[in-house]
Each structure stands twice: as structure tokens, then as C-alpha cells.
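Below, chain A is the first sequence line, B the second, and so on; all start at residue 1.
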2 protein chains.
Amino acid sequence: MTKLCGLRERKKQQTRSALVDAALALFEAKGFEAATVEEIAAAADVSPRTFFRYFTAKEGVLLAVHDEEFARLLDAVDTAPTLAEAVIATIDGDHERFRRVQELLARAPALRATFLERTVEQEHQLVDKLLPADPTPQQVLRTRLLVAATYAALRVAIESWLTTPDSHCAEHVTEALALLDQGLAVTR
Amino acid sequence: MTKLCGLRERKKQQTRSALVDAALALFEAKGFEAATVEEIAAAADVSPRTFFRYFTAKEGVLLAVHDEEFARLLDAVDTAPTLAEAVIATIDGDHERFRRVQELLARAPALRATFLERTVEQEHQLVDKLLPADPTPQQVLRTRLLVAATYAALRVAIESWLTTPDSHCAEHVTEALALLDQGLAVTR
DNA sequence: CTCAAAAGTGGCACAGCCTGCCACTTGGCG
DNA sequence: CGCCAAGTGGCAGGCTGTGCCACTTTTGAG
């Protein structure tokens, strides 16, 4: 992670974390749109101006969480034999916060929009990582499709998961990926 | 379409179209973020306040175009034998405007975010339309995956299309869908 | 230890998006 | 013609996000 040697750095991580917690709580309490940056900043005991020094936008607080998960996925890709397994391994991280964020996403379209956009960027990074040096156009297309389809399945699986009480996310993801893999008969 | 009997209705369509044209031109000229609603309204010779009576947000101007295309897709689904063919048939509509919008999307992340969100909503509509009455959970999941994966392939295809000079969009889409259909080896 | 540089913070002003409200104009219709 | 509904413009105001500057605190070099 980031180096936490000095006092300065420690304080920074502290307020950053305070902002994330405050935002998460407020978003859950009154909805993403209704919660204002002013309130979040007040709850974290900083000025609104400072909020925007930590995050570029109101959604940034949650995107940060998203990015952490993606970083773990990138690591998992190195050790797991397939992308699908890397995805499943990553999901088995901190259920708690993951579920909270996903439930917020289900209720806030504006938030969902930003996340989807970020996901597209992550797809590109993932494709770059999975692609060998000097790939053929065929390989590029195949890899892009693989990643995009995997993310699509992930999205569908999360949707099922959230609407099925007492179920495990990883199971839904596994099922969706398996179904995807055995063919969808798109053109038939 | 909408009834265009009276003078009132005709005027409305006129200013609406003027707003779309003005917005498209301004977005292309100075970028989505740089172009202000005030400028768009001025170019269409209405007040900024009126702009928001036609569209709920600045992006709304382009979402309207997106929605028209989706309406055509819904129609195509009724006649085409598969979703894939319906998609391809729809794309063969007005290339001109379609390409302009897609090129704007490639340069404006904020715009892309809104579009992606809208696409998710469209996916849901499509799933509802494709699903039989009283579907099994398996059918629901399969259909959701089919639609999500198809849209994912469409997105990848459009990306390839935009970066390949002098190519036809439909060909990229056909290729991507075919590749998707012959299997991605997701879990292998 | 001292002190200057660097980093972080707060306040202020400001542009832009978007909404509610009210007055005004204009088209539809008996 | 005259009424009603629809459409429009202007204004006030809240919220997001950014640039700028002054102030405080931490860091690190001498």
C-alpha cells in the first residue's frame, strides 16, 4: 500500500477513511442524491473544500472502494489460472463493504452510471494485462470480448444475488460464468 | 410517431429538433463539458429554462437519440429470428447520426457514463420482452446473460469500428457476435 | 535546535447544472 | 370572440466542483 511513515501520511489516511465511512453511512441513510458533500465533510470534520482534495467528485468516495477491489482482481489474475477464477477469488474478500456498495448502486442510478464508466476503464486495463506482446487482431478482439462478457456476467450475477435473500455472491457468479461458457446461442 | 396535427405540436418538434442539432454541433465543436446549456439554448433560440423542459439534463439531448435507436431495436426483435440479427438490422439505420454520437461518446467520459446507465435499463426492457410468461429461474438467468453479453459484444464491436477507418459497423458487430457465440472459454 | 520549504487546510468567489415558482404569451376550441 | 390549457421566460436558489490565497503544521536540512 502507501507508505505510512510520517505523521502527515497517517493523518491523511485517517481523514480519508473518515470521509469514506461518513459518506457510506449518509448515502445509506438518506440516499446518494439527498446526501450533500457539505454533510459528509461535516461528519468527517473537514471543510467541503477539503473533501474535493481527496476525491474528485461526490461519487469518488465509492469509486475508491471499487478501485481497491479492482487492484485485488489484478493481483488475483497473476495467480489464478483463469479470469473467471480470479474474479471469484476477488469477490471472497470483504463481503461487508462490497454488499453495502452494491446495494447503494441498486438504488442510485447516477452512482451506477459512474461505476459503469469506471468499469469500462478497468476492462481496458485488464485486456492490456491479459494480452501478450504483439497480439494479433484476432487475439485482441477475443480478449476484449472475454473481458466484456465476463464483466457482463458478473453484473447479471450481482443483480440475482441482491434479489435473492441469504445467498452467496460467489455462487451466483460461478453459475453465471458457467452458463456463459457453455454457450448462449446468440446467433441461433 | 407522435401526432403532428396542430401548429402547437409542430412547433414543439421544431424546437426539439433545433435543440438536438445545436447540442450535437456544439458538443462536437468544443466538447461535451465545455459546451454549456446556455449556449445550446441560445443556438436554438430558446431560454435555458426551456431546454430543461425538453430534456431532463444536458446529456438528455443525446439520450433521446439513443432511445430512438432502441425503439427501432424493439421493433426489429419482433421480426428478426434472433436478437443478434435484430441488432444488426437496427444498426443499418441512420449511420450518420449514429457515428456522430458514438464518436462523442468516445471522447466524453461523463456522457459515456450516462449512456451506459441507460443501456442497463434498456437491457431490462429487452429481457422482459424476450422472456415468456411464467419463466423458470433458469430461463431468466439465461436471457439476462444473453442480452448482457450481446450488448457487451456490441460495445466491443463499436470500439473496434471507431478505431478502424473506412469500415462498416455492422461487419464488426457481426464478427463480434459470431465470436461470442462460438464460445469464449471463460472458465478454461 | 532552528528555520525555511513543502504539504495540507479553510474560506471565498464563481461558473455551471438543475428546479420551483410565477407571470406572460399563444394556440386550440366551443 | 373569449376561455382554457399548453408552452415559455425570468428569477431565485441549492448543489457540485474549481481556482485562488492566506494560514497552519509537518518535514527535513543545516
Side-chain angles (χ1 to χ4, degrees), chain A residues 2-20 22-23 26-27 29-64 104 108-115 117-118, chain B residues 2-20 22-23 26-27 29-64 104 108-115 117-118:
Chain A
T2 35
K3 48 183 171 183
L4 30 79
C5 41
L7 167 67
R8 201 181 214 107
E9 202 64 27
R10 239 178 308 139
K11 266 194 177 175
K12 242 169 61 179
Q13 295 305 324
Q14 198 174 319
T15 53
R16 182 187 180 84
S17 152
L19 282 171
V20 172
L26 277 168
F27 289 166
K30 34 196 312 191
F32 173 73
E33 329 250 349
T36 69
V37 172
E38 195 177 349
E39 291 171 324
I40 299 171
D45 211 47
V46 290
S47 74
R49 187 68 190 83
T50 295
F51 175 93
F52 289 108
R53 285 208 179 83
Y54 282 85
F55 307 101
T56 61
K58 192 162 81 156
E59 313 91 281
V61 197
L62 297 190
L63 282 179
L104 278 175
L111 210 48
R112 201 159 52 231
T114 313
F115 266 64
E117 214 293 303
R118 177 61 59 101
Chain B
T2 35
K3 48 182 172 183
L4 29 79
C5 40
L7 166 65
R8 203 182 211 102
E9 202 65 26
R10 239 178 306 137
K11 265 195 178 175
K12 241 168 61 177
Q13 294 304 325
Q14 198 174 322
T15 53
R16 183 187 179 84
S17 151
L19 281 171
V20 173
L26 276 169
F27 289 165
K30 38 196 310 191
F32 172 72
E33 329 250 348
T36 69
V37 171
E38 195 178 347
E39 292 170 324
I40 298 170
D45 210 48
V46 291
S47 74
R49 187 66 190 84
T50 295
F51 175 93
F52 289 107
R53 286 209 178 83
Y54 281 86
F55 307 103
T56 61
K58 193 163 80 154
E59 312 92 280
V61 196
L62 298 190
L63 281 179
L104 278 175
L111 210 47
R112 201 160 52 231
T114 313
F115 266 64
E117 216 292 303
R118 178 61 59 99

Q.
What is the separation between atom CD1 on A:I40 and atom P on D:dC15, rounded to the nearest whole Å?
A. 12 Å
Q) Rounded to whole angstroms, how far apart are CD on A:E39 and P on D:dC15? A) 8 Å
Q) Are any non-hydrogen side-chain atoms of A:Y54 and A:K12 less than 4.5 angstrom apart? A) yes
Q.
Using OP1 and OP2 only, check whether a side-chain N or O of A:K11 sits under 4.0 Å from D:dT26.
A. yes
Q. What nucleic acid atoms does B:A35 come within less than 4.0 Å of, heavy atoms only: base, sugar-phosphate, or nothing?
A. sugar-phosphate
Q. Less than 4.5 Å apart, any side-chain heavy atom of B:R49 and any of B:R53?
A. yes
(Q) Can you measure B:E9 atom CD to D:dA5 atom P for me and round it to whole angstrom units? (A) 17 Å
Q) Donor-acceptor pair, B:E39 side chain versus B:T36 backbone, under 3.5 Å? A) yes
Q. Taking CD from A:E38 and C1' from D:dG17, how many angstroms apart are they, rounded to a whole number?
A. 14 Å
Q | Sugar-phosphate, base or nothing in reach of A:F55, heavy atoms under 4.0 Å | A | nothing
Q.
Within the 4.5 Å heavy-atom criterion, are B:R16 and B:Q13 side-chain neighbours or not?
A. yes
**Q.** Residue from B:F32, B:F115, B:F27 passing side-chain contact (heavy atoms from CB on, under 4.5 Å) with B:E59
**A.** B:F32
Q) Rounded to the nearest Å, what distance is computed from the CD atom of residue B:E33 to the P atom of nucleotide D:dT16? A) 17 Å
Q: Round to the nearest Å and state the distance from A:D45 atom CG to C:dT9 atom C1'.
A: 12 Å
Q. So, is A:T50 near the phosphate of C:dG10, with a side-chain N or O under 4.0 Å from OP1 or OP2?
A. yes
(Q) Measure CZ/A:R10 against P/C:dG8 and give the value in whole Å, please. (A) 15 Å
Q) Would you say a side-chain N or O of B:Y54 is under 4.0 Å from OP1 or OP2 of D:dT8? A) yes
Q: Please tell me which of the listed nucleotides, C:dC17, D:dG7, D:dT16, lies nearest to the side chain of A:K58?
A: D:dT16
What protein N or O atoms touch nucleotides 11-13 of chain C N or O atoms at under 3.5 angstrom, if any, and at what distances?
unit_1 : atom_1 : unit_2 : atom_2 : d
C:dG11 : O6     : A:R49  : NE     : 3.3

Q: Report yes if a side-chain nitrogen or oxygen of A:K12 is closer than 4.0 Å to either non-bridging phosphate oxygen (OP1 or OP2) of C:dA7; otherwise report no.
A: no
Q | d(CD, A:E59; C1', D:dC15) in whole Å | A | 13 Å
(Q) So A:F51, base contact, sugar-phosphate only, or nothing? Heavy-atom distance under 4.0 Å. (A) nothing
**Q.** Side-chain touch A:T15/A:K11, heavy atoms, less than 4.5 angstrom
**A.** no
Q. Do B:F55 and B:V20 come close enough that some side-chain heavy atom pair is under 4.5 Å?
A. yes
(Q) Using the side-chain heavy atoms of A:R8, tell me which of these nucleotides is nearest: D:dT25, D:dG17, D:dT8. (A) D:dT25
